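Structure, as structure tokens:
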There are 2 protein chains.
Amino acid sequence: MSGPDTTAVPRGRPRDAAVGHKVIETVLRLIAEGTPFGDLTMEGIAREAGVGKATVYRRWAGKDALLLDAMVAVDNPAMPELPGTSFRDDLVVAVETIRRRGLAKRDSAMLRNMLTQAQNNPELWRRYHETVIATRRAALRRLLERGIELGAVRPELGSDLELLVDFVTGPMLVRTAFHQDAPLDEGLAERVVDLILDGIAPDPAE
Amino acid sequence: MSGPDTTAVPRGRPRDAAVGHKVIETVLRLIAEGTPFGDLTMEGIAREAGVGKATVYRRWAGKDALLLDAMVAVDNPAMPELPGTSFRDDLVVAVETIRRRGLAKRDSAMLRNMLTQAQNNPELWRRYHETVIATRRAALRRLLERGIELGAVRPELGSDLELLVDFVTGPMLVRTAFHQDAPLDEGLAERVVDLILDGIAPDPAE
DNA sequence: ACGATACGAGACACCTCCGTATCGTAAATC
DNA sequence: GATTTACGATACGGAGGTGTCTCGTATCGT
């Protein structure tokens, strides 16, 4: 049973993939430089990318569609392979990943813009949450569940894993997203992890 | 020595203070409803406030000046009197204050917008940081220092109070600012504080 | 070669905003 | 009552964005 050939043979000059990349790259650069979403214009993007405006509209119906593709194109530094040597080591890697994302201007600027746009553009936020945030949080949930199995995390905390994820990510996220002048030095992840593991109160057994 | 009367007698019809309030109120409402800074226009604000555009310009030189005043006008739910019954109780009040700010749309929306604008409008960010953020963090630093004195916080952590503030505020801030659908129920602050105090690792003495 | 499509450039009509100015009216001082 | 300023409404030119279209040129399949 042979249906109609959906992959119709394209006629005429094919689209130059490099042009599309160039546009996306320009959008990400502008965002990383601090341009808020609201200040981005199709005209400015085309100008900045050295591309005809019609060429941009040929690929994207409008700014929202373009931003959606730009959002997906941010190469989120994925969480690397966990060493697995200990729960603490794995947690350090996870927190260190957040630190590196904070240093990547593209990633953090995109996040800030999404937070601001969230109420105004729920669909964009939904896609961002689904594509980026949910994935990151799911990885952390798995890590924490493993920690409970290993006995490295108090088991009763497993009843609210979401809170646990907030607790683990919060400190480093606040550092990166909020006061952007705060130092993000090398050993930071380890210090944060030790706080997460042991808290700030003195050892009760002491 | 009598200098010139600086409080010159005003002539003509005096300005209506209610008009200024109405404009500020409108700005805060629009921001709380999710309008990003970039989408705010002097024209739209005047229209929405039912006020002549010239009247707005009579009071503020431009959008930045207006936003500056609007920012200051957000009634930040200040940290209430600390009970002082115990360090933990005080910490719960502090974290609870962050939760209540997160529930106040004006406050959280303003924060999100400031974060996005930070790179683009450093002066506005500086003022916001100075007026709002620095004050809040200073109060927390004092609380934590008192905790060290009381022996409720391990003294060696006092070497990096800023990190400690991030650690204490991070979890609740992430919850309020990031995924705005997360539950912010009543007992949340206490649970967060217990995590902050004891960490997630099992009691080593056990 | 030829038709089809893509490309950069730019023109186009339409819209909104900016910041100022001008109305008629209102509210204060002199 | 005369003068001065504030107020809402509205008009104004200028700037810049939107989305479409038309150029001349380039690059593909046939």
Side-chain angles (χ1 to χ4, degrees), chain A residues 4-27 29-31 33-70 113 117 120-121 124, chain B residues 4-27 29-31 33-70 113 117 120-121 124:
Chain A
D5 190 355
T6 53
T7 63
V9 178
R11 314 227 311 167
R13 175 177 174 176
R15 290 191 184 170
D16 186 351
V19 173
H21 294 341
K22 192 160 53 175
V23 172
I24 293 281
E25 200 62 21
T26 301
V27 172
R29 178 174 61 79
L30 290 173
I31 291 176
E33 286 171 0
T35 313
F37 275 14
D39 290 359
L40 286 176
T41 64
M42 297 294 269
E43 188 136 2
I45 290 166
R47 196 189 315 130
E48 201 71 20
V51 153
K53 200 164 43 155
T55 302
V56 181
Y57 277 103
R58 197 173 291 124
R59 287 169 167 76
W60 295 280
K63 197 164 76 174
D64 282 2
L66 173 53
L67 287 180
L68 202 65
D69 277 10
N113 273 287
Q117 284 287 333
N120 209 14
N121 197 335
L124 189 61
Chain B
D5 191 355
T6 52
T7 64
V9 177
R11 313 230 310 171
R13 175 176 176 177
R15 289 192 185 169
D16 186 351
V19 173
H21 294 339
K22 192 160 52 173
V23 173
I24 293 281
E25 201 62 21
T26 301
V27 172
R29 179 175 60 80
L30 291 174
I31 291 176
E33 285 171 359
T35 313
F37 275 14
D39 290 359
L40 286 176
T41 65
M42 298 293 269
E43 190 136 1
I45 290 166
R47 195 190 315 130
E48 201 72 17
V51 153
K53 199 162 46 151
T55 302
V56 181
Y57 277 103
R58 198 173 291 123
R59 287 170 167 76
W60 294 280
K63 198 165 75 174
D64 282 2
L66 174 53
L67 286 180
L68 203 65
D69 276 11
N113 273 287
Q117 284 287 334
N120 209 14
N121 198 335
L124 190 61

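Only this structure's heavy atoms are used, side chains among them; waters, hydrogens and symmetry mates stay out. For clarity, every value in this text was computed on a predicted model and none was experimentally measured. Each chain gets a letter, A, B and so on, in the order its sequence line appears, and its residues count up from 1.
Residue B:R15 places none of its side-chain N or O atoms closer than 4.0 Å to OP1 or OP2 of D:dT4. Listed pair A:T55 / C:dG8 meets the phosphate criterion, a side-chain N or O lying under 4.0 Å from OP1 or OP2. Taking 4.0 angstrom as the limit, A:R11 places none of its side-chain polar atoms (N or O) nearer than this to OP1 or OP2 of C:dT5. For the pair B:R13 and D:dC7, the criterion of a side-chain N or O lying under 4.0 Å from OP1 or OP2 is not met.
Using a 4.0 Å cut-off between a side-chain N of Lys or Arg and a carboxylate O of Asp or Glu, B:E25 and B:R29 do not qualify as a salt bridge.
Out of D:dC7, C:dC18, D:dT18, the shortest distance to the side chain of A:Y57 is found at D:dT18. For B:R58, taking side-chain heavy atoms from C-beta onward, the closest of the listed nucleotides C:dC7, D:dA6, D:dG8 is D:dA6. Of all nucleotides listed (D:dT18, D:dC7, C:dA6), D:dT18 comes nearest to the side chain of A:K53. Each of D:dT18, C:dC17, C:dC7 was ranked by its minimum atom distance to the side chain of B:R47; first place goes to C:dC17.
Paired with A:L124 under the rule side chain to side chain contact (heavy atoms under 4.5 Å, CB included), one option of A:N113, A:L68, A:D64 passes, and it is A:L68.
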Exercise. Given A:V56 and A:V19, is the side chain to side chain contact (heavy atoms under 4.5 Å, CB included) satisfied, shown in steps?
Worked result: CA-CA 9 Å; A:V56 181; A:V19 173; over 6 Å; no

Exercise. Can you check side chain to side chain contact (heavy atoms under 4.5 Å, CB included) on B:V23 and B:T55, steps first, answer last?
Worked result: CA-CA 10 Å; B:V23 173; B:T55 302; over 6 Å; no

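Between the CG atom of A:L66 and the P atom of D:dT18 there is a distance of 11 Å, given to the nearest Å. In this structure, A:H21 places its NE2 atom 16 Å from C1' of C:dA6, rounding to the nearest Å. Remark: P of D:dC7 and NZ of B:K22 are 10 Å apart, rounded to the nearest angstrom. Rounding to whole angstrom units, CE of residue B:M42 and P of D:dG8 are separated by 14 Å. Between the CZ atom of A:R59 and the P atom of D:dT20 there is a distance of 16 Å, rounded to whole Å. Distance, B:E43 CD to C:dC15 P: 15 Å, rounded to whole Å.
Across all strands shown, D:dG29 pairs with C:dC2; the Watson-Crick or G-U wobble distances both stay below 3.5 Å.
Map B:A17 and A:K63 each onto its nearest nucleotide of DNA chain D; the residue landing nearer the 5' end is B:A17. Looking at which nucleotide of DNA chain C each of A:G12 and B:G44 is closest to, the 5′-most match is held by A:G12.
At a threshold of 4.0 angstrom between heavy atoms, the contacts of A:A54 include nucleobase atoms, whether or not backbone atoms are also involved.
Between the side chain of A:T26 and the backbone N or O of A:E48 there is no donor-acceptor pair closer than 3.5 Å.
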